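Letters A, B, ... mirror the listed sequences (proteins, then strands); counts begin at 1. Nothing here was measured: the structure is a model prediction, and the numbers come from that model.
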Amino acid sequence: MDLGPHAGFILASYGLCLMTALILIAWVRLDKAAQEKALNDLADRGIKRARPEDRSSEAS
Amino acid sequence: MAFWDYANPTRFLRFVQAVLPWLTGLCLLFFAVGLYMSFFVAPEDYQQGDTVRIMYIHVPAAWLCMMCYSVMTLSSIGTLVWKHPLADVSAKSAAPIGAAFTFMALVTGALWGKPMWGTYWVWDARLTSVLVLFIMYLGLMTLWRTMEDPIKAGKAAAVLTLVGALNLPIIKFSVDWWNTLHQPASVMRFDGPTIHPDILWPLLVMAVAFTLMFFVLHLMAMRNEILRRRVRALRMRAASAAQPAPAGAAQPAE
Amino acid sequence: MTSWAMALFQRDLRLSVRVGGSALVGVLFFLAVVTVIPFGVGPDLNLLARIGPAILWIGALLATLLGLDRLFQADRDDGTLDLMLMAGRPLELVVLIKCLAHWTATGLPLVVAAPVLGIFLNLDPVSMAAVTATLLVGTPALTLIGAIGASLTVSLRRGGLLLAVLGVPLAIPVLIFGVSSADAAIRDPVPFLTPFLILCALSLIAAVIGPIASATALRFASD
Amino acid sequence: MTSWAMALFQRDLRLSVRVGGSALVGVLFFLAVVTVIPFGVGPDLNLLARIGPAILWIGALLATLLGLDRLFQADRDDGTLDLMLMAGRPLELVVLIKCLAHWTATGLPLVVAAPVLGIFLNLDPVSMAAVTATLLVGTPALTLIGAIGASLTVSLRRGGLLLAVLGVPLAIPVLIFGVSSADAAIRDPVPFLTPFLILCALSLIAAVIGPIASATALRFASD
Amino acid sequence: MFQDLSFTLSQGTALVVTGANGIGKSSLLRTLAGLVALAGGAIRFDGGEDDRPAHEHAHYFGHQDSVKPALSVLENLEFWQSFTAPTAATGFTGDLHKPMGALELLGIGHTAHLPAAYLSAGQKRRLSLSRLLVTARPIWLMDEPTSALDKNSEALLLSLMNGHLETGGLIVTATHTQLALAKVQTLHLKAAQPAEQALEEGFL
Amino acid sequence: MFQDLSFTLSQGTALVVTGANGIGKSSLLRTLAGLVALAGGAIRFDGGEDDRPAHEHAHYFGHQDSVKPALSVLENLEFWQSFTAPTAATGFTGDLHKPMGALELLGIGHTAHLPAAYLSAGQKRRLSLSRLLVTARPIWLMDEPTSALDKNSEALLLSLMNGHLETGGLIVTATHTQLALAKVQTLHLKAAQPAEQALEEGFL
Ligand code: HEM
Ligand SMILES: Nc1ncnc2c1ncn2[C@@H]1O[C@H](COP(=O)(O)OP(=O)(O)OP(=O)(O)O)[C@@H](O)[C@H]1O
Ligand SMILES: Nc1ncnc2c1ncn2[C@@H]1O[C@H](COP(=O)(O)OP(=O)(O)OP(=O)(O)O)[C@@H](O)[C@H]1O
Ligand SMILES: [Mg+2]
Ligand SMILES: [Mg+2]
């Protein structure tokens, strides 16, 4: 596909947007991993929530 | 807000768990269609040539950066008026996403500006107010970062978000006015091509795709934030928990 | 003004005059910023005269915002803020009066110093008068807007820079109309009064929104 | 670098990056100052390009000086400074390392942000490179000079503005040579290297005088 | 933070709150003072002007002195006198002092015209206490009122507190020491589940 | 500030400094720590490396904790371990702990990886104390070491101090409470002319 004389600009803007989106996604996933790791570390030391996720839902 | 009934963070997490895969799939679908259309279906503009293809990401990004601020404004009202436990979680996790969309709008706009106007940046009303919006996003994020206590940070940020919401239109209009006073006529003002259906459709599809992306990311970020607060609460308990020694004596932290 | 308001105003004024001459530090910073710009821009007098009003306004903006960090923090640190919340006086008014006292102690000296600094920038008398007038009307708005930032950062040790960062976007409209009405007075064709009146209006709006927003933030900060 | 120096460097870096840290506030302030100037000066791109290097330098100067107020104060407030004085490490080196860490966390981001902000000011690539290079060499000098002010104001509550007022006069030579070597790179006829080398020399001088002066001031501040 | 806490206090009585370090005595007083938002429940004050929230009928005397070192002792006190709104309540006949009189009463009359920076910790504390004597308010909330006071001043403080009770005032005070007050009710705080105290409950 | 104050302390002995509030106990310790300049007189430490001033042989444990809330507990301690220069002295055989071991010993091992912001006042104090265990220095200067510590930690502290004395260390401590130390010498500070204490002496 020919994008004409300004192909560089077009590709750059799509590329930069893609990069931003990827950074956002990476942030979200790494953050999730970090928080879950922290939760697991705490759970390993016996510090857990009083009413964990998987228990009956109606209680809350 | 859609998740109004999901007041309880636990129930909210379950809701996210259920909805997220569908939303993600839908989002990818729209992106596939939208990108295909914007590169292969949409015609090139008779005036701008292929550069018009930048529009399919520029305009949705610009729309989304404003919508994101609206979401934050609503959440802030939720924080201040209804003291809803999820409201400041929502506002906090929307800020980086909004900043990212603003960044996209700025970058694509600048890259579009070079071929069209001959310069990456002019101090024109619309561009300037987007830049100010960007600074406001970053300021809010910093405020959240520097305050230790998330509840207090949430309230402070909510006040700032609301004041900023009042300020944005003022900036928009004042910059308009400021600009007409000084702006040399040489800088072209772009008023947008007459929207032709061939162009409109890809644009709308991309806009929906961007919106879906926002919701996916927002839900994921909110989930992280809830987990982070959980970690914080548990850590507090871990610190104050009696030392490994006999735990029987109910003895609070000294 | 009722007597409690007067008492508060006097107290704040006394405090800023007695302690460490905070009034003076603001003016000195203003002076430092305004003198540093010619070093950067170069000694071209025409250029300086052209951007003179802008320099003065930017200097005043930074001096005002950066000088506000102790507005509520000092009172919070020694428990005064708690008592003020319990005193049975409308907190919005309290904030307004504190801002007024702060402006009298640190904003007014900036306005007085502006014509003097104008000489360094090669401003002619008309411009000087115009800038001073706009500063007189506009700096209260800056103080009131900065007060929002000050109340948001009241519990943080590192108030200064963050306060400025939060305050600058809110203060931009004031800056725009301040400079443009000064410019309008200098370059004849454009009417001076329009932007000047808008500037006044902005000050009035700030006098409403600033105290409400800061009072809200202060109430939340206390717990 | 010996291990204690590395430990200190890491600690300071961590502190400024983690929650409550300040690394990004400086850049944000820089961005805010640079954005605010066109609002004052007007959107004339030619004018902005002409004074662009000056704007960037002044923004960096203010961001650096104003961001230094907690350099020693945080350590004094919680008693860390006392322990550092007793630790048996040369205080001059301690100051130098703290400045290095501070510069890495807040000065380096300014240098990185400069080219981006250059776009807003319509700088061409050569000027952008020149300004960035001068900032890279010059901002350490600003940090080191600001450290003197930071150590002088360490026991005062109102650090920010006063620190800037103390620091600006000392930093003016750095500003002059910074801007003039950037200008020299842009306008061909003048040689770029002469002012640039002077700038480097100033940084080296600051690296000697700054730590000695602040260490002296800190020793006095402790009693 | 608190579970199932409820008490009623009638005119002329003092409530002494006791409990271990960090159990929440100060927090309870700050809640009564309206400085910490109530998560649930209500605070009511009967007999006062109806349009005022309960905490505007109260004086708070906490750990911090709210003394501005740059102002003179008298200026400090006079400011609080004019700034704090007095309140009336049925059955409360608290007698008021002039600023100078209050300072004399607390034994710091001779420092009236000195900058407050020259006061020692105990003297600052007494200056802060004199605030309660120059504006009439029926409720006194006092957080460890005897801290930093020597024996003499402590006796003086007790007589002031008893005087306030006699004129129909209320006192709520948190303390670790024994206070010889006229009509005392004691509230002993105990940890329900110590580990869960400071948690942000919504998220767990 | 002090008149005619002189004392000698031999290996393995503790000096307990007592006296009324504001008499100058903390100031004496800070002078020994080299934090306040000496107006006259001399401080000598025999048996250490000769090129070091006396205060570089000492650990100072004062009112302030020097704990950075943003760093984890372990990071805090490890920093002080690498930063503080250890010193050797004849006859001093103080045993060193690893950071983790010191934390365990003081009962805050379970918080090692938490940010120090989560610690309570007493826990912060113990973290600050653990500093003394990871770098060997023969002199410990301790200003009211028991403040904010509960009974258990106080006993622990005493055993640590006695251990330090046994290995040939010196301790100088200011305190209001009774400390059960092994070899104690007491220095009771009394006001010479109470009124003249805090005056700028050159002008009198
Ligand atoms: C950094 C520079 C730029 C920024 C920050 C920016 C920002 C924005 C914003 C905020 C909008 C949404 C406005 C609305 O819907 O009300 C928008 C729309 C648009 N922009 Fe830009 N823009 C930039 C540069 C450009 C350039 C260079 C062009 C093309 C030459 C362009 C073309 C458009 C078009 C066609 C629209 C859609 C207009 C409409 O919805 O009617 N923009 N831009
Ligand atoms: N600003 C705060 N943020 C979070 N938790 C707090 C805050 N202030 C107090 N707490 C917690 O609330 C609890 C109660 O504290 P409070 O000061 O009321 O105790 P107290 O009974 O007055 O103790 P003391 O006898 O030491 O005065 C403590 O566990 C403390 O950690
Ligand atoms: N920074 C200072 N400037 C002036 N005077 C001071 C300073 N620090 C302390 N003083 C004075 O020096 C005297 C001794 O204070 P110091 O803190 O040594 O007393 P202390 O014996 O430790 O009392 P405490 O038992 O309360 O700890 C006091 O009278 C105090 O007012
Ligand atoms: Mg308490
Ligand atoms: Mg002491």
Side-chain angles (χ1 to χ4, degrees), chain B residues 69 76-77 79-81 83 88 95 99 102 123-125 128-183, chain C residues 50 54 141 144-145 147-159 161-184 187 189-191 194-195 198-199 201-202 205-206 208-223:
Chain B
Y69 201 88
S76 301
I77 296 176
T79 303
L80 293 186
V81 179
K83 312 228 162 27
D88 57 343
T102 317
W123 291 89
D124 141 282
T128 307
S129 41
V130 173
L131 181 61
V132 174
L133 178 65
F134 187 56
I135 296 180
M136 282 169 42
Y137 274 126
L138 295 183
L140 279 166
M141 285 162 64
T142 320
L143 186 60
W144 257 303
R145 261 191 73 76
T146 38
M147 289 176 104
E148 185 68 43
D149 180 350
I151 305 279
K152 271 186 200 173
K155 285 172 178 162
V159 171
L160 186 62
T161 311
L162 288 181
V163 177
L166 289 177
N167 186 52
L168 266 182
I170 300 186
I171 291 187
K172 181 93 178 77
F173 291 121
S174 60
V175 170
D176 241 328
W177 206 81
W178 165 71
N179 212 19
T180 48
L181 195 71
H182 297 265
Q183 185 73 30
Chain C
R50 176 159 164 218
L144 289 158
I145 289 169
I148 303 178
S151 60
L152 293 175
T153 56
V154 70
S155 59
L156 301 176
R157 270 266 138 273
R158 46 171 41 272
L161 267 194
L162 185 57
L163 192 159
V165 167
L166 300 179
V168 159
L170 304 179
I172 281 177
V174 179
L175 180 69
I176 290 177
F177 287 104
V179 175
S180 64
S181 58
D183 275 347
R187 281 180 270 293
V190 210
T194 328
I198 298 182
L199 187 64
L202 283 177
I205 296 176
V208 176
I209 293 181
I212 292 178
S214 344
T216 315
L218 287 178
R219 282 203 192 88
F220 287 131
S222 85
D223 60 50

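- With a 4.5 angstrom heavy-atom cutoff, Leu152(C) touches chain B via backbone and side-chain atoms both.
- Looking at every heavy atom in both residues, Phe220(C) comes nearest to Lys152(B) through O-CG, 4.5 Å.
- Within the 4.5 angstrom heavy-atom criterion, only side-chain atoms of Ile148(C), from C-beta onward, approach chain B.
- Under the 4.5 Å side-chain criterion, counting only non-hydrogen atoms from C-beta, Thr146(B) is in contact with Leu162(C).
- Contacts classified as ring pair (Phe, Tyr, Trp, His ring centres under 6.0 Å) and involving residues 135-159 of chain B (residues at least two apart or in different chains) are given here: Tyr69(B)-Tyr137(B).
- With rounding to the nearest 0.5 Å, the separation of OG in Ser174(B) from CG in Leu175(C) is 10.0 Å.
- Interatomic distance, CG of Leu170(C) versus CE of Met136(B), reported as 6.5 Å (0.5 Å rounding).
- With respect to chain B, the highest number of heavy-atom pairs below 4.5 Å among Ile198(C), Ile205(C), Leu166(C) belongs to Leu166(C).
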Exercise. Apply the test side-chain contact (heavy atoms from CB on, under 4.5 Å) to residues Ile172(C) and Val132(B): give CA-CA distance (whole Å), side-chain angles for both, the deciding distance (0.1 Å), then the verdict.
Key: CA-CA 9 Å; Ile172(C) 281 177; Val132(B) 174; 3.7 Å; yes
Residues 156-169 of chain B, side-chain donor-acceptor partners within the protein, below 3.5 Å, at least two apart:
residue	atom	partner	partner atom	Å
Thr161(B)	OG1	Ala157(B)	O	2.6
Asn167(B)	ND2	Pro169(C)	O	3.0

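- Of the listed residues (Gly149(C), Gly210(C), Ser151(C), Pro195(C)), the greatest number of heavy-atom pairs within a distance under 4.5 Å of chain B belongs to Pro195(C).
- Only the side chain of Ser155(C) comes within contact range of chain B, with at least one heavy atom under 4.5 Å from a heavy atom of that chain.
- Contact count against chain B (heavy-atom pairs under 4.5 Å) is highest for Ile176(C) among Val165(C), Ile176(C), Leu202(C).
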